[in-house]
Number of protein chains: 2
Amino acid sequence: MAGQEKTSRKAAGTAAAVRRPRSHRTNGGAPRGEAGDDIGLDALVGHAGYAVRRFQLWIFQDFIKTLATVDIRPTQYSVMTVIGANPGLSQMAVAKRLGIERARLVHLLDSLEERDFVSRVPSATDRRSHALHLTARGKTALAQFKRLAAEHERHVAEKIGKENREQLLQILACFT
Amino acid sequence: MAGQEKTSRKAAGTAAAVRRPRSHRTNGGAPRGEAGDDIGLDALVGHAGYAVRRFQLWIFQDFIKTLATVDIRPTQYSVMTVIGANPGLSQMAVAKRLGIERARLVHLLDSLEERDFVSRVPSATDRRSHALHLTARGKTALAQFKRLAAEHERHVAEKIGKENREQLLQILACFT
DNA sequence: CATCAATTGTTGTCGTCAACAACAATCTTT
DNA sequence: AAAGATTGTTGTTGACGACAACAATTGATG
């Protein structure tokens, strides 16, 4: 296959959204330097899912990093927040509200209970279910988590812009 | 999608330590939230990460469902799209461009090559790297995938609104 | 030219996460 | 009381991101 010349331009019409006029990439078949930026995404630029995936990756990494000192991950934070705002909820109710599997919530609560942040109190009215509560330690801890989470949220605002963040929240409000 | 409980199911007593006992909600007006939706999210409503997570979950599920007949997942689609638009790229270049680990790309390409969608051509200039190309079958397949992906994108527009989707893409453009 | 550092593809492990399936204990309904 | 549904639990599967290590190869340095 020595002569792959410019096979090229085959991307043809569909792309159109490429940023730079793509110079010589398909030349000798060599993946040369490509600093990495003149590679077109083609149809992906029009897909919300791709942008959202990249964004979520960034946002979760920043969240984890910002709350690294307290070792709290996004899902753990969401669970504690909901329990703190609605004491006595069952695991089923929390799982359904947050859109996570109740099977997964078991392990999440295990770790949070192990760290003495939440407690599973046997429900008085239904011996199957547990009433979830924050411990005293959990409440003060959550207060700190919220401060750190607010700091993380400022990082988001810095990244995409204050008003863009507002719009984003408004657009996606129907999913919360 | 799947899980609307048609209720008559009462979330009943168990969790209701604090919640109000869902008295009679006059069914007259808007058919707003059913069953257990008076659970507050507290600080979560102000966090972009939470909304984004829920959105991405929805969007990926719809993508997978919409492309279920061809058995293509979002990541596979993104890989094929980039290769289709930039034939001859190395695995390193694709991985870097899409923000996925090159280790992970190995398995991705294994499965795509197994299905005869892409091929790893030994690079003429660098015996370490492979030049990635779509096979003839891969090209026609990708064309169909793009049609289905466009259909999925219409679902997104229906869900959040046409102009909201546009804004979203614009806001998150810096991550693509 | 020889040597050392860097790159590329690959393999492997680890931990997170969503999706299911099954189960025992316990309501709820009939 | 019997049948059916719900709750918490355990387990499995598969996709996914992050890391670490390795052989082959390339590039840079002396």
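Everything quoted here is computed from the prediction, not taken from an experiment. The chains referred to below are lettered A, B, ... by the order of the sequence lines, with proteins before strands, and numbering in each begins at 1.
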**Student:** How many whole angstroms separate atom CG of B:Asp71 from atom P of D:dG14?
**Tutor:** 13 Å
**Student:** Would you say A:Arg102 places a side-chain N or O within less than 4.0 Å of OP1 or OP2 belonging to D:dT7?
**Tutor:** no
**Student:** Tell me: CZ of A:Phe63 to P of C:dC17, nearest whole Å?
**Tutor:** 11 Å
**Student:** With DNA chain D as reference, determine whether B:Glu101 or A:Ala103 sits nearer its 5' end, using the nearest nucleotide of each.
**Tutor:** A:Ala103
**Student:** Using the rule that Ile, Leu, Val, Met, Phe, Trp and Tyr join whenever any side-chain heavy atoms are under 4.5 Å apart, tell me whether B:Phe175 and A:Leu169 fall into a single cluster.
**Tutor:** no
**Student:** Specify the separation, in whole Å, of atom CZ of A:Phe60 and atom C1' of C:dA18.
**Tutor:** 13 Å
**Student:** Think B:Arg128 has a side-chain N or O under 4.0 angstrom from the OP1 or OP2 of D:dA24?
**Tutor:** no
**Student:** State whether A:Ser129 places a side-chain N or O below 4.0 Å from either non-bridging phosphate oxygen (OP1 or OP2) of D:dT6.
**Tutor:** no
**Student:** Would you mind reading off the distance between B:Arg53 atom CZ and D:dC16 atom P, rounded to a whole angstrom?
**Tutor:** 17 Å
**Student:** Let me know which of B:Gln170, B:Glu158, B:Glu153 forms a side-chain hydrogen bond (donor to acceptor under 3.5 Å, both in side chains) with B:Arg165.
**Tutor:** B:Glu153
**Student:** Which whole-number value in Å describes the distance from A:Leu108 CG to C:dG15 P?
**Tutor:** 16 Å
**Student:** At less than 4.0 Å, is any side-chain N or O atom of A:Arg104 found next to OP1 or OP2 of C:dG15? Yes or no.
**Tutor:** no
**Student:** Does a salt bridge link A:Lys159 with A:Asp62, judged by any charged N lying under 4.0 Å from a carboxylate O?
**Tutor:** no
**Student:** With side chain to side chain contact (heavy atoms under 4.5 Å, CB included) as the test, pick out the partner of A:Gln76 among A:Leu108, A:Thr81, A:Leu67, A:Val70.
**Tutor:** A:Leu108
**Student:** Can you tell me if A:Gln91 touches the phosphate of D:dT9, counting only side-chain N or O atoms and a distance under 4.0 Å to OP1 or OP2?
**Tutor:** yes
**Student:** Using atom NZ of B:Lys65 as one end and atom P of D:dA15 as the other, report the distance to the nearest whole Å.
**Tutor:** 19 Å
**Student:** Looking at D:dC16, D:dT25, D:dG8, which one has an atom nearest to any side-chain atom of A:Val106?
**Tutor:** D:dG8
**Student:** Donor-acceptor check, side chain of B:Asn86 to backbone of A:Gly40, threshold 3.5 angstrom: yes or no?
**Tutor:** yes
**Student:** B:Met92 CE to D:dT26 C1': how many Å, rounded?
**Tutor:** 15 Å
**Student:** A:Leu105 CG to D:dT9 P: how many Å, rounded?
**Tutor:** 9 Å
